[in-house]
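Step one of this worksheet: look at the structure below.
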Amino acid sequence: MNKKVIIGNFKMNILPSEVIEYLKKLKEDVKNSNNEIVICMPYVDIPYSPNIVENTNIHICAQNMHYEEEGSYTGEISVKMLKSIKTEYIMLGHYERRKYFLETEEMINKKIRLALKYDLKPIVCIGSNNSLEDELNIILKELTKEEIIKIIFIYEPIKSIGTGNIIDKNIIDNKIIQIRNILRKRCDNYENIIIGYGGSINSDNVIDLLEDNYIKAILVGSSSLNEQEFSKIVNSI
Ligand code: PGA
């Protein structure tokens, strides 16, 4: 199978003491994999992580950041803070951020632009709006084609997140084709853009999901919390 980007999302789980053990084991267990692995972890875990995964195919990602560079935003974290602790990727627009923290597509657009300005690679979750076209038009507002190509897009149907049920594979493939067609209007080298899927992926269903070539990346939530299960997913691709 072609090389994929495999993204784990710890959400609000895994303590710093646990992330150290997790990454040490993961590094060993996936050392023969050609896939790119990105771990979206809580902010407090990040400072402990880059040294452990240095010179491997495992990369560190934060789960959110503020859309302003700095200022009076109590409780928030800035792009410069994340860069200063060697964060490489940033996950933006996750459905849980939109649902529980009322994040809008306009905010996601500002965050993407700021991330790109600071060379933080955006992983952008889409599928929360009924219209993919409307959603992409807002979140990609004022972005150049050179910027759009740097984004990893993850299609996450709301009914598949945390439910144990993946929606029909044909629907997923069609959505990915639809996303590609929307991006094509903005970007002539759209074929190089990484578009993936997320929601209820585990080591039992991942092979069927990836049997053709539409899905170039996967976002794994609860199945990434167990290191053995996650490395099984990575090694089965
Ligand atoms: P899940 O979460 O794999 O537990 O469904 C996916 C996600 O992070 O959205």
Side-chain angles (χ1 to χ4, degrees), residues 4-14 18-19 22-23 26 30 35-43 45-46 49 58-65 87-105 107-108 111-112 115 121-130 132 135-136 139 151-169 171-172 175-176 179 194-210 214-237:
K4 307 278 181 195
V5 181
I6 304 175
I7 305 157
N9 179 15
F10 288 170
K11 308 194 182 191
M12 198 173 70
N13 301 288
I14 310 279
E18 293 167 330
V19 86
Y22 185 107
L23 291 176
L26 183 67
V30 301
N35 298 307
E36 282 299 307
I37 300 157
V38 181
I39 306 287
C40 307
M41 54 180 66
Y43 305 129
D45 292 353
I46 297 176
S49 302
I58 304 171
H59 305 277
I60 307 302
C61 181
Q63 299 174 7
N64 180 39
M65 65 174 201
T87 312
E88 284 178 83
Y89 286 79
I90 179 81
M91 183 168 61
L92 297 172
H94 192 281
Y95 169 63
E96 288 153 14
R97 297 280 331 154
R98 304 190 198 211
K99 181 177 173 201
Y100 301 122
F101 305 99
L102 309 182
E103 220 168 81
T104 63
E105 283 152 0
M107 288 177 188
I108 298 164
K111 292 181 186 199
I112 296 173
K121 299 174 193 163
I123 296 172
V124 177
C125 301
I126 53 177
S128 297
N129 184 321
N130 287 335
L132 278 170
E135 184 175 15
L136 283 165
I139 65 173
I151 300 172
I152 297 178
F153 293 89
I154 302 290
Y155 170 65
E156 287 211 300
I158 295 172
K159 46 184 175 194
S160 291
I161 302 172
T163 58
N165 300 313
I166 292 190
I167 60 164
D168 189 87
K169 167 132 175 68
I171 300 179
I172 299 173
K175 290 286 182 187
I176 290 188
I179 295 163
I194 298 173
I195 307 171
Y197 163 82
S200 295
I201 297 172
N202 58 42
S203 60
D204 291 329
N205 60 26
V206 70
I207 299 290
D208 288 346
L209 186 69
L210 298 180
Y214 289 108
I215 301 175
K216 310 262 187 231
I218 52 171
L219 175 56
V220 184
S222 52
S223 297
S224 71
L225 296 180
N226 178 310
E227 186 279 329
Q228 275 188 317
E229 168 71 356
F230 188 61
S231 51
K232 203 167 161 192
I233 293 173
V234 172
N235 289 327
S236 64
I237 297 165

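Ligands are counted one by one from 1 in listed order, and the atoms in each one are counted from 1 as well.
- Side-chain contact between Ile166 and Ile172 is present, with at least one heavy-atom pair separated by less than 4.5 Å.
- The backbone N or O of Ser203 sits less than 3.5 Å from a side-chain atom of Glu229, completing a donor-acceptor pair.
- Scanning all protein heavy atoms for the shortest distance to atom 4 (O) of ligand 1 gives Ser222 N, 2.9 Å.
- Close approach to Ile161 involves these atoms of ligand 1, each under 4.0 Å from a residue heavy atom: 5 (O), 9 (O).
- Panel note: side chain Ser200, backbone Ser160; a donor-acceptor pair is recorded below 3.5 Å.
- To the nearest 0.5 angstrom, Asp204 atom CG is 12.5 Å from Leu209 atom CG.
- Contacts of Glu156 with ligand 1, taken as heavy-atom pairs under 4.0 Å, involve the side chain alone.
- Heavy atoms of Gly199 approach ligand 1 to within less than 4.0 angstrom.
- When heavy-atom distances to ligand 1 are checked against a 4.0 Å cut-off, Cys125 has no atom that comes that close, whether in backbone or side chain.
- Put simply, no part of Ser223 is less than 4.0 Å from ligand 1, judged by heavy atoms.
- In this structure, Tyr22 and Phe10 have perpendicular ring planes: the angle between them is above 60°, well past the 30° mark.
- Nearest protein neighbour of atom 5 (O) of ligand 1, counting heavy atoms only, is Gly162 N, 2.6 Å.
- An N or O contact shorter than 3.5 Å links His94 to ligand 1 by distance.
- By the 3.5 Å distance cut-off applied to N or O atoms, Glu96 is not counted among the residues near ligand 1.
- Two residues are said to be in side-chain contact when any heavy atoms from C-beta on lie closer than 4.5 Å; Gln63 and His94 fail this criterion.
- Ligand 1 has an N or O atom lying under 3.5 Å from an N or O atom of Gly221, backbone or side chain.
- Looking only at heavy atoms of the protein, atom 8 (O) of ligand 1 is closest to Asn9 ND2, 3.0 Å.
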Go through the steps to decide whether Ile158 and Lys99 satisfy the test side-chain contact (heavy atoms from CB on, under 4.5 Å), and finish with yes or no.
CA-CA 10 Å; Ile158 295 172; Lys99 181 177 173 201; over 6 Å; no

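- Ser160 counts as a contact of ligand 1, since one of its heavy atoms falls under 4.0 Å from the ligand.
- When only interatomic distances are considered, the shortest N/O to N/O separation between Lys11 and ligand 1 falls below 3.5 Å.
- Although no hydrogens or angles enter the test, the distance criterion places no donor-acceptor pair under 3.5 Å between the side chain of Tyr197 and the main chain of Leu210.
- Lys4 places a side-chain N or O within donor-acceptor distance of the main-chain N or O of Ile215, the cut-off being under 3.5 Å.
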